[in-house]
Amino acid sequence: MIKNEQDLLALAHQLCGLTIAQLAERLNEIVPDNSLHAKGFVGQLIERALGANSGNLPVADFPDLGVELKTIPINTKGKPRESTYICMVPLKAQYHIVFEQTVVYQKLQRILWIPIESEPHTQVSARRIGQPLLWSPNEIQFQQLRADWQELVDMIAMGELEMISAQIGEYLHIRPKAADARSLTKSINFLGETTQTLPRGFYLRSVLTEQIINRSQQKKN
DNA sequence: TACTGATCATTC
DNA sequence: GAATGATCAGTA
């Protein structure tokens with residue numbers, strides 16, 4: 001059982017350098033051959049290895065520590081290959097929402113990043129676990145994240161959800177998060193009426209996650 | 001080739 | 001359906 005951040009980070013360090021095949025073998029898991037059908041597999045494997053057990057509840061992976069676990073695919077140059085999903089976007093417009101009381105804020109407070117070294121379409125089993133990194137947003141990052149969040153939430157509150165594209169937001173943006181483009185969830189339209197729309201998620205852009213990952217590399221020198 | 005919209009697996 | 005874990009892949 002993990003008691004504090006130091007224990008968690010130490011455990012994560014023990015995974016560093018392992019391939020997914022090696023970690024899966026330790027945990028008696030079968031690695032999917034096809035990466036198309038393996039989305040989420042690596043993240044769930046790392047969760048098991050580190051003892052995260054908050055399931056699919058909208059809370060941090062380690063509730064007692066307030067730490068969120070994120071694997072992030074990085075290429076050979078150390079650049080993130082994908083954006084990072086954070087949580088669902090509340091689509092029932094509420095006025096006077098406070099950033100500090102939101103799920104997205106809670107998840108962004110403290111993140112244990114586990115880089116996964118891989119190129120597009122490399123065998124899942126061959127992907128390698130990198131140096132873990134505990135991160136909290138610095139002042140500049142925090143202000144920008146809050147500004148992005150405020151802009152997006154304001155649009156939703158104004159009933160402008162359908163005008164939100166993934167291009168809005170410097171660090172944090174909104175994209176579809178669903179089984180497919182036909183998925184529907186309740187939302188509030190511009191007249192304040194309840195309607196149905198595509199579920200959306202908050203994602204971190206790689207321009208931010210690259211900063212985060214590279215800062216840790218600088219510390220090592 | 002990076003980005004944005006779409007999609008895949010699993011659990012409850 | 002709604003949340004988690006994400007990556008895929010067409011196009012700008």
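No hydrogens, no waters, no symmetry mates; every other heavy atom, side chains included, goes into these values.
- When all heavy atoms of A:V31 and A:A24 are compared, the closest pair comes out as CG2-CB, 3.4 Å.
- Put simply, CG on A:L198 is 16 Å from P on B:dT4, counting in whole angstrom units.
- For C:dG1, neither phosphate oxygen OP1 nor OP2 lies less than 4.0 angstrom from any side-chain nitrogen or oxygen of A:S183.
- Residue A:T185 places none of its side-chain N or O atoms closer than 4.0 Å to OP1 or OP2 of C:dG1.
- The shortest heavy-atom contact between A:T197 and A:E162 is OG1-OE2, 2.7 Å.
- For the residue pair A:R205 / A:S83, no side-chain donor-acceptor distance below 3.5 Å is found, with atom types taken as modelled.
- DNA chain C is contacted by both A:L57 and A:T84; A:L57 maps to the nucleotide lying nearer its 5′ end (nearest heavy atom per residue).
- For the pair A:E82 CD and C:dG5 P, the computed distance is 16 Å after rounding to whole Å.
- When rounded to the nearest whole Å, the span between CD1 of A:I72 and P of C:dT7 equals 9 Å.
- Among the heavy atoms of the strands lying under 4.0 Å from A:A179 is at least one base atom, whether or not backbone atoms are also near.
- No contact: A:P199 has no heavy atom under 4.0 Å from any strand.
- The side chain of A:R205 places an N or O atom within less than 4.0 Å of a non-bridging phosphate oxygen (OP1 or OP2) of B:dT4.
- When all heavy atoms of A:A49 and A:L11 are compared, the pair lying nearest together is O-CD2, 3.9 Å.
- Distances from the side chain of A:S35 to the nucleotides B:dT4, C:dT4, C:dC8 place C:dC8 closest.
- Side-chain proximity of A:A178 to the nucleotides B:dT7, C:dA2, C:dT4 is greatest for B:dT7.
- Between the side chains of A:Q109 and A:Y105, a donor-acceptor pair is found at a separation under 3.5 Å.
- With distances taken from any side-chain atom of A:D61 to the nucleotides C:dT4, C:dA6, C:dC8, the minimum falls on C:dT4.
- In this structure, CZ of A:F202 is placed 17 Å from C1' of B:dG5, rounded to the nearest angstrom.
- Counting atom types as modelled, A:Y203 pairs a side-chain N or O with a base atom of C:dA6 as donor and acceptor under 3.5 Å.
- Partner of A:Y171 under the side chain to side chain donor-acceptor pair (under 3.5 Å) criterion, chosen from A:Q144, A:Q141, A:Q211: A:Q211.
- Here the C1' atom of nucleotide C:dC8 and the CD atom of A:E119 are 15 Å apart, to the nearest Å.
- A cation-pi arrangement is absent between A:R146 and A:F99, since the terminal nitrogen or guanidinium carbon is not both under 6.0 Å from the aromatic centre and inside a 45° cone about the axis.
- Taking only side-chain nitrogens and oxygens, A:R81 never comes nearer than 4.0 Å to OP1 or OP2 of C:dA6.
- Nucleotides of DNA chain B nearest to A:D180 and A:H173 differ in position, and the one nearer the 5' end is that of A:H173.
- Rounded to a whole Å, the CZ atom of A:R200 is 14 Å from the P atom of C:dA3.
- Residue-level contact check: A:L184 touches the backbone only, with heavy atoms under 4.0 Å from sugar-phosphate atoms and none from bases.
- The CG atom of A:L27 sits 18 Å away from the P atom of C:dG5 (whole-angstrom rounding).
- When heavy atoms are screened at a 4.0 angstrom cut-off, A:E68 is found touching the sugar-phosphate backbone but no base atom.
- Whole-Å rounding puts the A:Y85 OH to C:dC8 C1' distance at 18 Å.
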Pairwise N/O distances under 3.5 Å, protein to nucleotides 9-12 of chain B:
{"from": "B:dA9", "atom 1": "OP1", "to": "A:H37", "atom 2": "ND1", "distance (Å)": "2.6"}
{"from": "B:dT11", "atom 1": "O2", "to": "A:N56", "atom 2": "ND2", "distance (Å)": "2.6"}

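- Within the 4.5 Å cutoff, no side-chain heavy atoms of A:I188 are placed close to those of A:L91.
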